[in-house]
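A short write-up of the structure that comes next.
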Amino acid sequence: MDSDYGVPRELSEVQKKRALYQPEVPPCLQGTTVRVEYGDAAIAADPAGAHVISQAFPHTYGQPLAHFLRKTAVVPDAKVISEHPAVRVGIVFCGRQSPGGHNVVWGLYEAIKAHNQSSKLIGFLGGSDGLLAQKTLEITDEVLSSYKNQGGYDMLGRTKDQIRTKEQVNGAMASCQALKLDALVIIGGVTSNTDAAQLAETFAEAKCATKVVGVPVTLNGDLKNQFVETTVGFDTICKVNSQLISNVCTDALSAEKYYYFIRLMGRKASHVALECTLQSHPNMVILGEEVAASKLTIFDITKQICDAVQARAEKDKNHGVILIPEGLVESIPELYALLQEIHGLHGRGVSAENISSQLSPWASALFEFLPPFIRKQLLLHPESDDSAQLSQIETEKLLAQLVETEMNKRLKEGTYKGKKFNAICHFFGYQARGALPSKFDCDYAYVLGHVCYHIIAAGLNGYMATVTNLKSPVNKWRCGAAPISSMMTVKRWSRGPSATQIGKPAVHMASVDLKGKAFELLRQSSSSFLLEDIYRNPGPLQFEGPGADSKPISLCVEDQDYMGRIKKLQEYLEKVKSIVKPGCSQDVLKAALSAMASVTETLNIMTSSSTGQTQL
């Protein structure tokens with residue numbers, strides 16, 4: 001055991017009280033018998049990529065959905081697993097830390113031990129590095145005792161490195177075989193779960209006995225699809241940030257002379273910024289998805305903010321709060337194109353000091369226009385996925401500076417009658433990553449841990465643990481598993497007008513749906529947020545009392561529960577089959593044919609039109 005990991009924590013009184021909280025599990029996970037119902041083969045949401053994905057994942061694509069059933073469920077075709085031999089399961093934190101991750105480990109540990117006390121849960125120390133180096137720690141009650149319902153990933157440590165190269169994949173397989181693992185559970189976001197799918201495929205091809213299971217844990221909230229409603233950590237991050245934003249709103253309202261530009265973490269998508277806006281009601285938010293869809297330039301955004309400042313000044317309001325997602329820089333067309341040029345030169349081995357002299361004329365002109373601090377940040381070496389180091393690029397300071405210049409200009413020209421513009425900039429990022437998780441994230445992560453055991457008991461490989469109907473109480477949550485390959489696309493994540501086809505499928509980040517109910521809620525409120533100071537303070541993160549059971553607004557307003565709807569559709573189809581049988585009346589047969597023809601035609605049109613859609 002590495003002395004830096006798994007050591008007991010010094011807990012405050014609040015943490016001790018938290019550690020005593022025992023999350024409940026839904027009825028479908030209770031007891032020692034695993035009941036699983038298999039649905040139809042899961043396919044990729046984008047039909048255009050299905051062939052490429054099936055070619056890349058011949059052993060793990062097209063597997064059926066799995067639904068775990070409660071004891072009282074009457075499903076004739078369900079597989080009932082009552083024998084539970086001892087298993088050895090490995091678990092690893094991949095990607096950036098996210099509040100609630102420890103509860104996945106706790107939930108899996110309790111499920112494993114409840115079904116067979118001789119089973120072992122083995123944690124890899126230091127993330128994927130520990131997986132490849134076989135640095136392990138056996139999880140025990142003692143190890144877990146001070147990490148239950150707590151933040152961070154420090155029980156085992158983590159890494160953001162990918163498991164992508166042939167050497168890394170083979171190294172992971174060698175570790176699993178050497179440790180005689182029945183399963184490997186990978187906790188992470190889109191990149192980590194893409195790696196999990198690749199490991200599962202490689203293991204299956206090599207006839208390696210280890211099954212691979214993915215768990216959706218990322219604070220960015222961007223691992224969203226028809227099977228995954230939200231991710232562990234998103235609720236906590238948004239609650240913590242919303243309180244900080246609300247405190248700033250109160251300060252702005254009290255001082256009446258500052259504009260706060262707040263950049264929020266969340267990577268390329270703007271889910272965190274949207275949710276925090278709905279919770280705290282700042283005056284303005286610039287969503288990357290809106291900027292990309294409208295092709296707004298940096299000057300368009302600056303004018304938009306300046307016009308807002310001027311409109312507020314006319315109401316004698318010389319203060320305000322503006323939220324900016326950290327991915328905004330990659331949503332602004334000219335800045336994204338500049339970054340692509342810079343990254344291309346990085347890729348050709350050009351040093352940061354020499355890049356500016358090798359830019360194209362237009363890129364060079366834009367680069368020279370930008371303030372020196374932004375130039376330096378844009379020149380940082382890209383991340384392993386070829387994206388910019390978004391947390392290091394101070395877009396909020398750039399916008400504040402451009403807005404201040406423009407407002408001073410308007411002040412001199414006499415077109416702006418308000419007070420001198422004063423800006424204060426903040427980045428809310430690392431402060432929230434290690435936060436104590438919300439009650440929702442504690443429950444969700446713990447339940448996902450239990451789901452992982454059910455997946456392992458069912459012998460499934462290349463699946464992600466899923467829980468749907470999350471906006472309902474825990475006893476109504478639906479638990480299951482979906483093949484990770486069915487969540488993939490073969491398009492590069494892109495802010496541009498079109499997405500570039502690539503040969504390797506991946507689980508891509510989901511951007512904010514500009515046709516979704518959460519965005520519509522923002523759109524309806526945006527004018528009142530802008531001109532009226534209706535700031536809302538949700539207060540500090542609560543584990544008991546008012547607010548303890550609140551869930552993300554963006555989760556609650558969307559009509560999700562995809563898995564529940566699939567089951568409902570199957571029930572309707574079975575009813576049709578039971579009614580329309582040889583011997584039924586002509587009228588019944590005609591009505592069924594007419595209805596089915598209409599439904600089939602509609603669905604064909606919908607699926608063919610979706611093939612041509614680009615993914616943002």
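Note that the structure is predicted; figures quoted are calculated from it, not measured.
A salt bridge does not link R410 to E413: none of the charged nitrogens lies less than 4.0 Å from a carboxylate oxygen. With respect to K517 and E520, no salt bridge is recorded, no charged nitrogen being found less than 4.0 Å from a carboxylate O. Using a cut-off of 4.0 Å between Lys/Arg side-chain N and Asp/Glu carboxylate O, K295 and D300 are scored as not salt-bridged. Comment: D316 does not engage K417 in a salt bridge, judged by the lack of any side-chain N to carboxylate O separation of less than 4.0 angstrom. With salt bridges taken as basic N to acidic carboxylate O contacts below 4.0 Å, one links E544 and K17. With respect to K439 and D549, a salt bridge is recorded, a charged nitrogen being found less than 4.0 Å from a carboxylate O.
Within the 4.5 Å cutoff, no side-chain heavy atoms of N318 are placed close to those of E256. Within the 4.5 Å cutoff, side-chain heavy atoms of V217 are placed close to those of Y153. Between L390 and R267 the shortest side-chain heavy-atom distance falls below 4.5 Å. In this structure, the side chains of L366 and L335 come closer than 4.5 Å at one or more pairs of heavy atoms.
Residues D222 and H271 approach most closely at CA-CD2, 3.8 Å, considering heavy atoms. S391 approaches F427 most closely through the heavy-atom pair O-CE2, 3.9 Å.
Under a cut-off of 6.0 angstrom, the local environment of NZ in K551 is crowded, with over 12 non-hydrogen atoms contributed by other residues, nucleotides or ligands. Around CD of Q524, the count of heavy atoms belonging to other residues, nucleotides or ligands within 6.0 Å exceeds 12. A 6.0 Å sphere centred on CG of N354 holds more than 12 heavy atoms belonging to other residues, nucleotides or ligands.
Residue Q377 is tested with E394, Q392, Q389 for a side-chain hydrogen bond (donor to acceptor under 3.5 Å, both in side chains); the sole match is E394.
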Stepwise side-chain contact (heavy atoms from CB on, under 4.5 Å) test for K16 and E13: CA-CA 5 Å; K16 287 176 185 175; E13 292 305 311; 3.4 Å; yes
Trace of the side-chain contact (heavy atoms from CB on, under 4.5 Å) decision for T302 with C306: CA-CA 6 Å; T302 301; C306 289; 4.1 Å; yes
Y535 and L253: CA distance, side-chain angles, deciding distance, side-chain contact (heavy atoms from CB on, under 4.5 Å) verdict: CA-CA 9 Å; Y535 304 137; L253 189 58; 4.1 Å; yes
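Seen from the ring of F543, R18 counts as a face-on cation partner, given the 6.0 Å and 45° thresholds.
Annotation: ring pair (Phe, Tyr, Trp, His ring centres under 6.0 Å) contacts involving residues 389-412, sequence neighbours excluded, are absent.
Separation of atoms CG (D235) and OG (S550) is listed at 6.5 Å; rounding is to 0.5 Å. Between the CE atom in M284 and the CD1 atom in I305 there is a gap of 5.5 Å [rounded to 0.5 Å].
Ring pair Y259/F421 is parallel by interplanar angle, where below 30° counts as parallel and above 60° as perpendicular.
Not a single ring-ring contact (aromatic ring centres under 6.0 Å, His included) links F367 to another residue, sequence neighbours left out. The ring-ring contact (aromatic ring centres under 6.0 Å, His included) check on Y147 picks up H102, with sequence neighbours excluded.
If you look at F299 and F369, their ring centroids are closer than 6.0 Å. Ring centroids of H281 and F529 are separated by less than 6.0 Å, placing the two rings close together.
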